[in-house]
Novice: 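Okay, here's the structure, questions in a sec.
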Amino acid sequence: MDTTPPKVATAEPGAEARPLRNAILHKLTYDLGKSRLGARDRDWFIATALAVRDRIVDRWIDQTRASYEVGAKQVYYLSLEFLIGRLLRDNVSNLLLMDEVKAALEDLGVSFEALREAEPDAALGNGGLGRLAACFMESMATLSIPAFGYGIRYDHGLFRQLIRDGKQREYPETWLDFGNPWEFARPEIAHEIGFGGTVEAVPISEARVRHVWKPAETVQAVAYDTPIVGWRGSHVNTLRLWSARAADPLRLDAFNRGDFLGALAEQVRQESISKLLYPSDETPAGQELRLRQEYFFTSAALQDLVRRHLRVHGDLRSLPERVAVQLNDTHPAIAVAELMRILIDLHDLPWDEAWQATRGTIAYTNHTLLPEALESWPVPLMERLLPRHMQLIYLINALHLDDVRQRFPGNDALLSAVSLIEEGHGRRVRMGHLAFVGSHKVNGVSALHSDLLKKTVFSDFNRIAPGRITNKTNGITFRRWLQQSNPALTSLLVEAVGPAVLDDEKALEKLRPLADDAAFRERFAAVKRANKEALAKLVKERLYLQLDTRAIFDVQIKRIHEYKRQLLNVLEAVALYDEIRSQPTRSWVPRVKILAGKAAASYHRAKLIIKLAHDVARVVNSDPTVRNLLKVVFLPNYNVSLAELIVPAADLSEQISTAGMEASGTGNMKFALNGALTIGTLDGANVEIKEHVGDENIFIFGLTTEEVAEHRGKGWRGESAVSRSRRLEEALEQIEKGVFSPDDPDRYKELVAGLRGDDWFMVAADFDSYFTAQRDVDARWREPDRWWRSAVLNTANVGWFSSDRAIAEYAEEIWNVPVRRG
Ligand SMILES: *Cc1c(COP(=O)(O)O)cnc(C)c1O
């Protein structure tokens, strides 16, 4: 094996092309067993990925070993979701091998772009939460923080969305069909995960018993490791995903009797744990299998890190000094009880020491205030599936409530508010409370969200544990969301402010003066135009629709959810359509509304909104009086790769959630970085984006969080907004009458009735304000100098939203680990 150290940033360009070419060919021949002539793009992709992976392995092994040797503190990021997307461009680019790989492939007569697109998206997540985990993994490697990501290696990631007849259809996603060249299977790294059974108290002395959990069944968690390369290949970490393997693959007795299905039944049942990612965004699936998934990966992660810690340090009491465990939302919250079980039952630590070690190690990130999304599990289910954990949770709760009782005597309301157990019809374990009590820090993901955490869901906890809630505003990795997805803009930035922008997000600020430079603005606009051309080409290929790239590309891409208010956007399209038809000779600013996103399969309303978008699109796009002034486009199967294409082509970024409901958003950051102006509410990180880009470079509209709460408190009815707005009234009437759904005029009756009724998401309430803000957008577009000045200032001013900044804050304030750039 080649053991020479891998190439570093200073090597002359081109030096690696020849050996890479040979390595790719070697992989194709000897790992895939294919000839050059018979190889397809997919084969070339796998051969190239394997050759690139070889360049990663040496430093990965060296650095991992070195971090153990010096006893460096390890960060463990536990997440039920990692929405990674493709890795080829990420890895090649972070290794600084792009020119060499392209040259090597060219020499072989293969197009890099073609094989890049042969890589399936790793869609092991639903949306923002999973994408955050992926960005954080890349930033931790970039900042040389020794870290593991722990999650589940789902056989099937997020469903593939097809649109038939304007309706979403879900199909299983099959990313592993042709193998995954990035991962290393580790069949020898396997942990036993127990479920069910009983707990026995076994006396170990006159004074103590040990609790022994005898699970009714055990499943093996098998490790699959993917190296995660930081920028400039500075550091390589591990994403370790667990796959379920049945302890006994086959019941031979049954098979020999001829009962083939019965022989396999147990295996199928056990291995179903890692079969499928739940397509539930924001709401828990509420199913036993989901709880099994959560415990499965959390237990595997903790067993794994405890074993590693013991091997390196020998004593579990030092856990908090050497290990930081970050819980990405409550999905891994059972970690609190599982770590206690491991420390007490398996390693004989006394309760107090175990508790100190647990709380010193764990920290928890909250991602939502939506009450329906706060996880809780029925006590009977927990008792049946995790009997020992349920005992420990009762004990943790008793001590926690004793402490509160002592410090706040006579406050029963407070006690029941902060209890880990929700009483009332059907007792449940509140996972958010368990995570809070077992963590030394709890963070929200934007300034507004963290503030609301303190005032709403965790207000009582904030009283009993002041200072534990902190804020860590989300970020995105600029490598993927600028350098790789928008190479033309990146080149322009490097030319304008120097190559430091590739390494330091603060260097973007040097762009500010250029916002007033007409020649620079023109070049900035030209990059955007070229990106729009590329997107228009894709739309033409996929939807047979011709777009005018002189139009504003107005983009809303994200999960389809009522609180994200795609409906508000579509209503605006309907209203604009009306106005264009009623005043066809007025000078209108041409617009292309681009939407993409998936709805949870069981979310009827969200699917209806997708259907409405298509119904409106069909009518608008085929009406000759509208000419090219308005187009509505819905691009199917939104995923990371599609986002990488759309974001650089956007002029306007729609971030229009009902105020107080979007925890942070990260899509908003991607767009601003790529020079799109935001139209948005004062919600999530939009508030901070506004502060960074400046009030005059963003279009803010709508009710504030307080006003939304006030409206709801006073029994708001959408009808009162409708009766005040001719424009809204007309738009709603048309939809109600079936103008867009002549085949089924009543299709949207219920949807519109909701807007006239309690209008929970304030769509009617915010409509006029939104429409007016959109006309402000039109006015700005008519003044290209001002538009592009704002666009440049967006890019210049959002460096702070880099996930490097976010991770550096976690490192300093939560994990207590050093960071190093380069
Ligand atoms: C960034 C991203 C998200 C999150 O988008 P929001 O607008 O913040 O909801 C979801 N899905 C994908 C594929 C993304 O890239």
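Atoms within each ligand, like the ligands themselves, are counted from 1 in listed order. For the single chain, residues carry numbers from 1 onward in sequence order.
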Novice: Assess E644 for proximity to ligand 1: is some non-hydrogen atom of it under 4.0 Å away?
Specialist: no
Novice: In terms of relative ring orientation, are W800 and H692 parallel, tilted or perpendicular, with 30° and 60° separating the classes?
Specialist: parallel
Novice: Could you go through N686 and Q655, starting from their C-alpha distance and side-chain angles, then the distance that decides it, and tell me whether this counts as side chain to side chain donor-acceptor pair (under 3.5 Å)?
Specialist: CA-CA 8 Å; N686 295 354; Q655 307 300 335; 5.6 Å; no
Novice: Among all protein heavy atoms, pick out the one at the shortest distance from atom 15 (O) of ligand 1; state its residue, atom name and that distance to 0.1 Å.
Specialist: K670 NZ, 2.7 Å
Novice: Side chains of E375 and T330: do they bring a donor and an acceptor to under 3.5 Å?
Specialist: yes
Novice: Among protein heavy atoms, which sits nearest to atom 9 (O) of ligand 1, and what does the distance come to when rounded to 0.1 Å?
Specialist: K564 NZ, 2.7 Å
Novice: Sequence neighbours excluded, which residues qualify as side-chain hydrogen bond (donor to acceptor under 3.5 Å, both in side chains) partners of N674?
Specialist: N486
Novice: Give the numbers and elements of all ligand 1 atoms closer than 4.0 Å to a heavy atom of G665.
Specialist: 8 (O)
Novice: If you count every heavy atom of other residues, nucleotides or ligands that lies below 6.0 Å from R542 atom CZ, does the total exceed 12?
Specialist: no
Novice: Considering only protein heavy atoms, which is closest to atom 7 (O) of ligand 1, and at what distance to one decimal place?
Specialist: K558 NZ, 2.7 Å
Novice: Give the numbers and elements of all ligand 1 atoms closer than 4.0 Å to a heavy atom of V640.
Specialist: 13 (C)
Novice: For the pair K564 and E662, evaluate salt bridge (Lys or Arg N to Asp or Glu O under 4.0 Å) and give the outcome as yes or no after the intermediate values.
Specialist: CA-CA 8 Å; K564 290 179 182 278; E662 184 76 89; 2.8 Å; yes
Novice: Once you restrict to heavy atoms under 4.0 Å, what part of W481 touches ligand 1? Side chain, backbone, both or neither.
Specialist: side chain
Novice: Using 0.5 Å steps for rounding, measure from the CG atom of N471 to the CG atom of N474.
Specialist: 9.0 Å
Novice: Do me a favour and list the nearest non-hydrogen protein atom to atom 12 (C) of ligand 1 with residue, atom name and distance?
Specialist: Y638 OH, 3.5 Å
Novice: Please report whether ligand 1 has a polar contact with T666, defined as an N or O pair separated by less than 3.5 Å (distance criterion only).
Specialist: yes
Novice: Is there a nitrogen or oxygen of N639 sitting under 3.5 Å from a nitrogen or oxygen of ligand 1?
Specialist: no
Novice: Of the listed options (A643, S657, G127, G667), which comes nearest to atom 10 (C) of ligand 1 when hydrogens are ignored and any heavy atom counts?
Specialist: G127
Novice: Where does the angle between the aromatic ring planes of F136 and Y810 fall among parallel (under 30°), tilted (30 to 60°) and perpendicular (over 60°)?
Specialist: perpendicular
Novice: Compute the shortest N/O to N/O distance between R559 and ligand 1 and return yes if it is under 3.5 Å, no if not.
Specialist: no
